[in-house]
Protein chains: 2
Amino acid sequence: MRGRGRGAWWQERFQNAGARITAPREVVLDILHETEEHMSAADVYVKAHAINPSIGLTTVYRTLDMLTQMGIVQKFDFGDGKARFELVNNPGGKKHHHHLICLKCKAIIDYTEFIDEEVEFIEKTQRKLSKKYDFTITDHAISFFGQCAKCREGVSF
Amino acid sequence: MRGRGRGAWWQERFQNAGARITAPREVVLDILHETEEHMSAADVYVKAHAINPSIGLTTVYRTLDMLTQMGIVQKFDFGDGKARFELVNNPGGKKHHHHLICLKCKAIIDYTEFIDEEVEFIEKTQRKLSKKYDFTITDHAISFFGQCAKCREGVSF
DNA sequence: GTCGTTATTGATAACGATTTTCATTTTCAA
DNA sequence: TTGAAAATGAAAATCGTTATCAATAACGAC
């Protein structure tokens with residue numbers, strides 16, 4: 001059943017945090033594991049509800065928020081009014097990536113290229129910031145903004 | 001009065017884009033120029049309305065959106081449900097910076113350190129992405145997420 | 001300067017994502 | 001097994017943002 005039992009990695013984290021392991025939480029995590037998309041809370045809810053109709057939207061929100069605070073999930077805003085969520089270190093899932101965002105049509109392009117150079121830069125910066133601001137850094141995001149080819153033509157600005 | 005007449009730089013950009021130069025737009029731009037904060041639309045509205053009570057909230061939203069699409073303003077989401085806006089190249093204003101965001105208390109720390117190393121990395125990446133995806137890149141954002149010292153103590157997760 | 005076209009504006013209503021409330025249910029340690 | 005505390009879900013409430021539409025203002029042509 002939906003991977004119950006395997007990836008107990010997050011169960012440990014929950015227990016260490018004093019959080020309980022519940023059916024809705026298992027379902028949400030399973031869904032995130034099996035997805036390649038940037039899912040909104042509503043997207044997750046639809047899938048969760050299909051699996052177990054007793055799961056409510058509120059709980060999905062609460063779970064996603066909790067996972068975000070735990071650093072298990074990363075929350076994004078692409079400017080379309082709804083937050084998107086992705087598992088942070090999805091083993092065997094989506095590769096580490098960043099975003100290219102069109103300011104006109106709000107299209108999102110994921111890119112995974114050039115990560116090698118990034119890693120070095122990020123690690124160095126992270127180390128310095130972490131020390132200087134006494135901050136525990138668990139994740140980062142890099143976004144580039146501009147106009148996609150399509151929008152550049154239909155110009156107005 | 002509020003810098004009217006100087007910084008005509010944006011007025012030219014408006015004209016080239018076929019956009020009209022109006023009182024509300026001037027006010028919004030002046031406000032952004034004079035601010036060091038990350039302002040929400042409501043923040044801008046309050047100031048704008050104080051300066052000229054006839055300016056409506058709707059127009060503030062429209063103006064900020066327009067400026068964002070023009071690349072004059074950058075829009076951020078720090079996870080507290082409201083968008084924040086900052087002038088991109090504020091001459092004599094705030095230096096180029098990025099953000100350190102506490103996932104627990106949502107505190108934002110601006111950092112300007114280590115930018116030299118960043119510039120090199122960003123330029124290289126930008127050049128490559130731009131070519132590969134046929135995308136005109138006008139801006140970027142780097143954010144680090146984690147927990148601030150204060151939140152690390154009151155732990156729960 | 002006047003005029004007319006057309007973009008812009010602002011009040012209000014509508015919208016929709018997220019959060020709050022609170023009574024009920026579930027988890028899990030004792 | 002049991003009970004305290006955490007978690008849940010349905011519904012209502014919140015609140016940031018957007019759409020509507022009649023009134024207004026900008027600015028090029030004259």
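The model shown is predicted, which means the values in this text are computed figures rather than measured ones. The basis for the numbers below is simple: all heavy atoms, side chains too, and nothing from hydrogens, waters or symmetry mates. By convention in this document, chain letters (A, B, ...) are assigned in the order of the sequence lines, proteins followed by strands, and residues within each chain are numbered from 1.
At whole-Å resolution of the value, CG in B:D80 and C1' in D:dC15 are 12 Å apart. Atom CG in B:L64 sits roughly 15 Å away from atom P in C:dT8 (whole-Å rounding). Whole-Å rounding puts the A:E26 CD to C:dT26 P distance at 15 Å. Whole-Å rounding puts the B:F14 CZ to C:dT6 P distance at 21 Å. As rounded to whole Å, 17 Å separates atom C1' of C:dG16 from atom NZ of B:K82. Straight-line distance from the CG atom of A:N16 to the P atom of C:dC28: 13 Å, rounded to whole Å.
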Per-nt protein contacts along nucleotides 2-12 of chain D (heavy atom under 4.0 Å; B base, S backbone sugar-phosphate only, - none) come out as ---BBSBBBB-
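Closest approach of B:L103 and A:Q69 over heavy atoms only: O-CG, 3.6 Å. Pairing each heavy atom of A:L57 with each of A:A41, the nearest pair is CD1-O, 4.4 Å.
Helix bend of the helix from C:dG1-D:dC30 to C:dA30-D:dT1: the angle between its two end axes, each built from five pairs, comes to 40° after rounding to 10°.
Using a 3.5 Å distance cut-off with no hydrogens or angles, the side chains of A:D65 and A:T68 do not pair a donor with an acceptor. In summary, the side chains of B:H140 and B:E118 do present a donor paired with an acceptor at a separation below 3.5 Å, with no hydrogens or angles considered. Between A:H97 and A:E86, the side chains place a donor N or O and an acceptor N or O closer than 3.5 Å (distance only, hydrogens not considered). Side-chain contact of B:H99 with B:D110: a donor-acceptor pair under 3.5 Å is present, judged by distance alone.
Using a 4.0 Å heavy-atom distance criterion, B:A42 is classed as making no nucleic acid contact.
Considering only heavy atoms from C-beta on, A:H38 stays 4.5 Å or farther from A:F85 through its side chain. In this structure the side chain of B:V88 never reaches within 4.5 angstrom of the side chain of B:I72, judged on heavy atoms.
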- How far apart are the C-alpha atoms of A:I55 and A:H49, what are their side-chain angles, what is the distance that settles it, and do they pass the side chain to side chain contact (heavy atoms under 4.5 Å, CB included) test? CA-CA 6 Å; A:I55 294 175; A:H49 196 262; 5.5 Å; no
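Between B:Y61 and the phosphate of D:dT18, there is no side-chain N or O to OP1/OP2 separation shorter than 4.0 Å.
Take the nearest nucleotide of DNA chain D for B:R84 and for B:Q15: the residue whose nucleotide is more 5' is B:R84.
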